[in-house]
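See below for the structure under consideration.
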Amino acid sequence: MRGLLACTMLAAMTSAAMTSAATAQVSDDVVRIGVLTDLSSWGRDNSGPGSVEAAKMAVEEFGPTVLGKPIEIISADHQMKTDVGVQIVRGWFDNGKVDAVVDIPNSGIAIAVHNMVRERGKIALLSGPGASSLTDELCSPNTVHFTYDTYALSKVTASAVIKEGGKSWYFITADYAFGQQLEKDATRFINEMGGKVLGGVKHPTNTADFSSFALQAQSSKSDVVAFANAGQDTDNAIKQSGEFGLVQGGQKLVGLLMFDTDVHAIGLKAAQGTYMTTASYWAMDEATRAWSKKFYERTKVMPTMIQTGVYGSVLHYLKAIKAAGTDDSAKVMAKMRELPIEDIFVHGGKLREDGRVIRDMYLAKVKSPEQSKEPWDYLDIVKTVKGEDAFRPISESKCPLLKK
């Protein structure tokens, strides 16, 4: 009888082990994550090498394996060119066995990859792009828009500036998908709050000379000059607008997408008083300070919200794989929606069916040189805006995934 019982128990244990092995499935025996970012162009400082390091830090925090399989981070430079980005991702899917693509600063490239991910049954974890259309009319069940979008940026910032008396606006806009969407979203909120757009001008990306654009904005005599661009374009535009005396003439400068690295490049003297909206800040609390100092040791800069978003999206993805017991994209996406989003910078976040992560956003104001007490002490967090108030409500969405 003892022998029979032992055999029965052994058979049960073997069956359980086989069942566990069958349910815990990882394709190709590795979870491979591709960080598609800008390593050489105007968005390098805000994403770039820092995004790659942030992804690695997420893996280190989670552990070197998931479901007993190794986690691998690879990266590539899309050079801010859509054809280059698409070619890289196609190669990753066809030959590189990549399961998820992360970051993708530049909305035009992100939209193209977002469509490819849906066709291939992979996952896109977007932190870099801002176009709100990604989770509106272009929404996909395979995309996570983790960090910010043009809807939230324009709504939070425009509301604050108009309340301070900035009623008339003039735009200096980057002439691609992100800049156009940001201007469109901001114009809507300006009009709804009783403001008025007097005009604007569009510029190609990676522009060095903004003098003619600054003079056109100055001649508009608008209360506000808004920069619907990013990276070095924002830095150059704000610097040169300062040199032409727009602030001294009474105009407010607004960076509709600005990062800590932009303020660092522009300098507090030129950037002070500028309003911006951010999804994270390195010095929010002791936990964010500790993580950011580790990041600084590796990169020599404090993290931007794109980089903290890469960290958070990769960490949440790995947690979802563990909970799902597989890296199957559909099952992992279901778990990503089910699990609350918790990391150093996000608390109680939620992934909506349209791919939009609902998380708190922060209205910030750039400090003056006198207010700054330590290196990288650039922002004063003026207001916390709940995710439900910052991002597009379901009632306004064109996403068919929310209509079910």
Side-chain angles (χ1 to χ4, degrees), residues 42 45-46 130 148 150 153-175 178-179 182-183 185-187 189-190 193 195-203 205 207-278 304-305 362-372 378-383:
W42 50 266
D45 292 342
N46 301 329
Y148 68 97
T150 53
L153 294 176
S154 55
K155 181 179 182 181
V156 175
T157 307
S159 299
V161 174
I162 287 178
K163 285 178 181 177
E164 281 207 346
K167 297 292 187 181
S168 59
W169 291 57
Y170 188 91
F171 284 94
I172 295 178
T173 301
D175 194 12
F178 166 76
L182 187 54
E183 180 180 335
D185 286 341
T187 298
F189 294 115
I190 291 165
M193 289 179 275
K196 184 178 181 181
V197 176
L198 301 183
V201 63
K202 290 182 170 57
H203 67 84
T205 57
T207 294
D209 185 3
F210 279 86
S211 57
S212 65
F213 306 128
L215 288 171
Q216 290 178 66
Q218 188 176 47
S219 65
S220 75
K221 301 190 183 302
S222 62
D223 299 328
V224 180
V225 178
F227 303 96
N229 48 20
Q232 292 176 6
D233 286 336
T234 302
D235 302 347
N236 291 333
I238 291 180
K239 278 182 181 177
Q240 292 174 37
S241 295
E243 292 168 2
F244 279 96
L246 272 67
V247 175
Q248 292 88 332
Q251 291 177 298
K252 296 178 185 291
L253 304 184
V254 170
L256 288 172
L257 176 61
M258 283 186 68
F259 302 95
D260 311 55
T261 46
D262 293 320
V263 179
H264 187 76
I266 297 166
L268 289 179
K269 184 176 180 181
Q272 62 182 312
T274 302
Y275 275 112
M276 56 186 281
T277 297
T278 185
T304 67
M305 65 172 166
Y362 304 96
L363 176 68
K365 192 174 184 179
V366 179
K367 292 182 176 182
S368 67
E370 296 73 28
Q371 292 172 319
S372 180
Y378 296 153
L379 302 183
D380 179 23
I381 302 299
V382 177
K383 182 181 181 182

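Every value quoted in this text rests on a predicted model; they were computed, and no experiment measured them.
Residue Thr234 comes nearest to Ile266 through the heavy atom pair O-CD1, 4.5 Å, listed as atom of the first residue, atom of the second, then distance. Heavy-atom minimum distance, Asp223 versus Gly165: OD2-O, 3.7 Å. Taking all atoms of both residues into account, the shortest heavy-atom contact from Leu268 to Ser372 is CD1-CB, 3.5 Å. The shortest non-hydrogen separation linking Ala217 to Ile172 is CB-CD1, 4.2 Å.
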Counting only pairs under 3.5 Å, give me each side-chain donor-acceptor contact of residues 256-264, with atom names and distances, residues two or more places apart or in other chains.
from	atom 1	to	atom 2	distance (Å)
Thr261	OG1	Asn46	OD1	2.3
Asp262	OD2	Phe259	N	2.9
His264	ND1	Tyr378	OH	2.6

Distance-only criterion, 3.5 Å: show the donor-acceptor pairs between side-chain atoms of residues 362-370 and protein atoms not counting sequence neighbours.
from	atom 1	to	atom 2	distance (Å)
Lys367	NZ	Asp377	OD1	2.7
Lys367	NZ	Asp377	OD2	3.2
Ser368	OG	Glu370	OE1	3.3
Ser368	OG	Gln371	N	3.3
Ser368	OG	Gln371	OE1	3.4

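For the atom pair OG1 of Thr150 and CD of Glu183, the computed distance is 11.5 Å after rounding to the nearest 0.5 Å. Lys196 contributes atom NZ, which lies 13.0 Å from atom OG1 of Thr187 (distance to the nearest 0.5 angstrom). Rounding to the nearest 0.5 Å gives a distance of 12.5 Å between NZ of Lys155 and CG of Leu153. How far CZ of Phe171 is from OG of Ser220: 11.5 Å, rounded to the nearest 0.5 Å.
Between Phe189 and Ser159, the closest side-chain pair of non-hydrogen atoms is not below 4.5 Å. Proximity of Trp169 to Ile162: side-chain heavy atoms (C-beta onward) are separated by under 4.5 Å at one or more points. Between Asn229 and Phe210, some side-chain heavy-atom pair lies under the 4.5 Å cut-off. Asp175 has its side chain out of reach of His203: every pair of non-hydrogen atoms, C-beta onward, lies at least 4.5 Å apart. Residues Asn236 and Trp42 are not in side-chain contact: their nearest non-hydrogen atoms beyond the backbone lie 4.5 Å or more apart.
Not a single donor-acceptor pair under 3.5 Å links the side chain of Gln232 to the backbone N or O of Asp45. Checked by atom type and distance alone, the side chain of Gln272 pairs as donor or acceptor with a backbone atom of Lys269 at under 3.5 Å. The backbone N or O of Thr207 lies less than 3.5 Å from a partner atom in the side chain of Asp233, making a donor-acceptor pair. With hydrogens and angles ignored, the 3.5 Å screen pairs no side-chain donor or acceptor of Thr173 with any backbone N or O of Lys202. Side-chain N or O atoms of Lys252 include none that pairs as donor or acceptor with a backbone N or O of Tyr275 at under 3.5 Å. At distances below 3.5 Å, not a single donor-acceptor pair connects side-chain atoms of Ser241 with backbone N or O atoms of Ile238.
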* Could you please spell out the steps behind the side-chain contact (heavy atoms from CB on, under 4.5 Å) verdict for Gln240 and Asp209? => CA-CA 8 Å; Gln240 292 174 37; Asp209 185 3; 3.7 Å; yes
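Tyr170 and Gln251 share no side-chain donor-acceptor pair at under 3.5 Å.
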